[in-house]
Amino acid sequence: MYGLSAILNIARGAMNANQLAMQVISHNMANVNTPGYTRQKVVLETQVPWNLNQLKVGTGVQVDSVIQCFDRYTTRAIIQNTSSLKDYESKALVLSSVESIWNETEENSLSQILDEFWNAWQDLASNPGGTAERTALLGKAEILTRRFNSLSQELGQVGQNLSTNLRAGVEEVNRLTGQIATLNVRIRTAEASQTTANDLRDQRNQLLEELSGLVGITYLEQDDGSLTVLTREGLLLVNGNESWDLSTEGTSIYYNGIENDVSDRLTGGKMGGWLDLRDETLPQYLANLDEMAGTLIQEVNNLHLAGYTLS
C-alpha cells in the first residue's frame with residue numbers, strides 16, 4: 001500500500017506517537033514533587049517497512065515502550081544505605097538526650113554535687129564535733145544519693161522510650177511489608193501483558209526505602225516482577241503476595257507468631273539502632289553508674305568505720 005493514503009497514515013502515526021510522548025512529559029511535570037517518582041520517557045522505533053518490488057519503504061514511527069530513567073544498581077545502593085544512615089541518625093538523636101542527662105555544665109551536676117559532698121567532709125574534719133557540720137554533711141550525702149538515683153531513673157526512662165519506639169517500629173514494618181506484598185500482586189498482574197508498571201514500581205521502591213530506614217533489608221526481583229524481601233540476617237518478610245509479621249511482648253520481638261526472640265536478627269535502620277542502644281549501650285552506662293556509686297559507698301564506709309564516734 002502506497003501513495004497518498006500511505007503518506008497520511010505515516011503522518012497520523014507520527015502524530016499519535018509524539019502525542020503520547022507529550023503525554024509522558026506532562027506526566028513527568030505533574031509528578032515533579034511526588035516522593036519516589038522516577039522520570040519516564042518514550043522509546044520510539046520505526047515501524048515495519050513495506051516491501052515494494054525490491055525496495056523497503058518506510059512506514060513511519062511507533063512507540064516501542066515507556067521506560068523509567070533510573071539506574072537499577074544505584075537505586076539498590078540507595079535503598080540499602082538508607083538503613084545505615086537511619087541507624088546512625090537514630091543513635092545520634094538518643095545519645096544527644098543521654099548527653100543532656102550527664103550535662104556537667106549545669107547546676108546540680110554530679111561533679112558539682114560530689115565537690116560539695118567532699119567539701120562537707122573537709123568542713124567536718126576541721127570541726128569533728130560540730131553539729132552544723134554533721135547536719136550539712138548528711139544533707140549533702142542525701143543530695144548525692146538522690147542524684148545517683150535520678151541518673152539511674154532517667155537512663156531507665158530512655159530505655160523504656162526505646163521500647164515504645166520499637167513497638168511502633170514493628171507496627172510500621174508490618175504495614176510496609178503488607179503494602180509491598182499487595183503491590184507485588186498489582187505489578188505482576190499489570191506486567192503479565194509485557195508492559196512495565198512504572199508508577200507501581202515507583203511506589204514499591206518508595207516503600208522499600210521506608211522499610212530500609214526501619215531495618216536493614218536485602219531483596220531480589222523474581223521473573224514475574226514481584227519482590228522477595230528479607231532482613232540482613234535472613235528473616236523472610238515478603239515473598240510475592242505473602243508477608244510475615246513481627247510482634248512484640250515486653251522487650252522481646254517475635255517473628256510470625258513464634259515465641260523466639262529475634263531482636264538480634266534485626267540490624268540496621270532505626271530499629272537496629274534502638275536495639276543496640278537499649279540492649280547494649282544503656283545497660284553499660286547503668287553498670288558504670290552502679291559501679292561508681294558502689295565504689296563510692298564502699299570507700300566512704302571503710303574510711304568512716306575507721307574513725308571515732310562523737311563520744
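In this text, all values refer to a predicted model and were calculated from it rather than measured experimentally. Sequential numbering from 1 along the given sequence is applied to the chain's residues.
Atom OG1 in Thr75 sits 8.5 Å away from atom CD in Gln68 (nearest 0.5 Å). The distance from atom CD of Gln153 to atom CD1 of Ile101, rounded to the nearest 0.5 Å, is 11.0 Å. Remark: Trp274 CH2 to Asn161 CG distance equals 11.0 Å, nearest 0.5 Å. Atom CG of Leu176 is separated from atom CG of Leu237 by 10.5 Å, given to the nearest 0.5 angstrom. In this structure, CD1 in Ile180 is found 11.0 Å from CD in Gln206, a value given to the nearest 0.5 Å. Note that OH of Tyr255 is 15.0 Å distant from CG of Asp261, once rounded to the nearest 0.5 Å.
In the hydrophobic cluster analysis, where Ile, Leu, Val, Met, Phe, Trp and Tyr join through side-chain heavy atoms closer than 4.5 angstrom, Met292 is grouped together with Phe117. In terms of hydrophobic clustering, with Ile, Leu, Val, Met, Phe, Trp and Tyr side chains grouped at heavy-atom distances under 4.5 Å, Ile143 and Trp118 are assigned to a common cluster. Hydrophobic clustering (ILVMFWY, side-chain heavy atoms < 4.5 Å, transitive): Trp244 and Val238 are in one cluster. There is no path of hydrophobic side-chain contacts, each under 4.5 Å, that joins Leu207 to Ile78. Note on Ile187 and Val66: separate hydrophobic clusters, where clusters join Ile, Leu, Val, Met, Phe, Trp and Tyr whose side-chain heavy atoms are under 4.5 Å apart, directly or indirectly.
The two residues Leu20 and Val42 have their closest heavy-atom pair at O-CG2, 4.1 Å. Between Gln80 and Thr218 the shortest heavy-atom distance is NE2-OG1, 4.2 Å. In this structure, Leu162 and Leu277 approach most closely via the heavy-atom pair CD1-CB, 3.8 Å. Across all non-hydrogen atoms, the minimal contact from Leu151 to Trp102 is CD1-CZ3, 3.9 Å. Across all non-hydrogen atoms, the minimal contact from Ile217 to Leu208 is CD1-O, 3.8 Å. Considering every non-hydrogen atom in both Gly269 and Ser90, the closest pair reads O-OG, 4.3 Å.
Side-chain N or O atoms of Ser150 include none that pairs as donor or acceptor with a backbone N or O of Arg146 at under 3.5 Å. Distance alone, capped at 3.5 Å, is enough to place a donor-acceptor pair between the Ser126 side chain and the Gln122 backbone. Side chain of Thr182 to backbone of Gly178: a donor-acceptor contact under 3.5 angstrom is found. Remark: side-chain polar atoms of Asp71 are paired, donor with acceptor, to backbone N or O of Thr74 under 3.5 angstrom. For the pair Arg134 (side chain) and Pro128 (backbone), a donor-acceptor distance under 3.5 Å is present. Between the side chain of Thr38 and the backbone N or O of Cys69 there is no donor-acceptor pair closer than 3.5 Å. The closest donor-acceptor contact from the side chain of Thr145 to the backbone of Ala141 lies under 3.5 Å. Proximity of a side-chain donor or acceptor of Ser226 to a complementary backbone N or O of Gln222 within less than 3.5 Å is not detected.
Contact check for Gln298 versus Asn301: no side-chain heavy atoms found under the 4.5 Å cut-off. Side-chain atoms of Lys140 and Ile113, non-hydrogen and from C-beta on, never get closer than 4.5 Å to each other. The shortest side-chain heavy-atom distance between Leu183 and Leu227 does not fall under the 4.5 Å cut-off. Looking at heavy atoms from C-beta onward, Asp202 lies out of side-chain contact with Leu200 at the 4.5 angstrom threshold.
Under the 4.0 Å criterion applied to side-chain N and carboxylate O atoms, Lys270 and Asp87 are not assigned as salt-bridge partners. Ion pairing between Arg147 and Glu154 holds under the 4.0 Å rule for side-chain N and carboxylate O.
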Q: Go through the steps to decide whether Arg201 and Glu191 satisfy the test salt bridge (Lys or Arg N to Asp or Glu O under 4.0 Å), and finish with yes or no.
A: CA-CA 11 Å; Arg201 284 177 171 269; Glu191 295 185 351; 2.7 Å; yes

Q: Might you work through the side chain to side chain contact (heavy atoms under 4.5 Å, CB included) test for Leu166 and Arg278, ending with a clear yes or no?
A: CA-CA 10 Å; Leu166 284 165; Arg278 189 196 68 178; 3.5 Å; yes

Q: I would like to know whether Asp245 and Val173 meet side chain to side chain contact (heavy atoms under 4.5 Å, CB included); could you show each step before the answer?
A: CA-CA 8 Å; Asp245 288 346; Val173 166; over 6 Å; no

Q: Take Val61 and Gln47 through the side chain to side chain contact (heavy atoms under 4.5 Å, CB included) test and state the conclusion after the steps.
A: CA-CA 5 Å; Val61 66; Gln47 296 203 64; 5.7 Å; no

Q: Apply the test salt bridge (Lys or Arg N to Asp or Glu O under 4.0 Å) to residues Lys86 and Glu210: give CA-CA distance (whole Å), side-chain angles for both, the deciding distance (0.1 Å), then the verdict.
A: CA-CA 10 Å; Lys86 295 302 181 181; Glu210 292 180 29; over 6 Å; no

Q: Test side chain to side chain contact (heavy atoms under 4.5 Å, CB included) on Glu233 and Val262 and set out the steps.
A: CA-CA 10 Å; Glu233 306 303 322; Val262 296; over 6 Å; no

Q: Verify side-chain hydrogen bond (donor to acceptor under 3.5 Å, both in side chains) between Asn184 and Arg204, making sure each step is shown before the conclusion.
A: CA-CA 8 Å; Asn184 276 343; Arg204 189 173 64 182; 2.8 Å; yes

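The closest side-chain donor-acceptor pair between Asp199 and Tyr37, if any, does not fall under 3.5 angstrom. Side chains of Arg186 and Thr189: no donor on one and acceptor on the other come within 3.5 Å.
Relative to the six-membered ring of Tyr219, Arg76 meets both conditions, a distance below 6.0 Å and an angle of at most 45° to the axis.
Partner of Arg265 under the side-chain contact (heavy atoms from CB on, under 4.5 Å) criterion, out of Asn260, Ile253, Val215, Leu235: Leu235 alone.
Other residues, nucleotides and ligands contribute over 12 non-hydrogen atoms within 6.0 Å of the CD atom of Gln112. By the neighbour-count criterion of 12 heavy atoms within 6.0 Å, atom CZ of Phe148 is densely surrounded, having more than that number from other residues, nucleotides or ligands. Within a 6.0 Å sphere centred on CZ of Arg232, heavy atoms belonging to other residues, nucleotides or ligands number more than 12.
Remark: Glu209 pairs with no residue by the salt bridge (Lys or Arg N to Asp or Glu O under 4.0 Å) rule, at least two apart or across chains.
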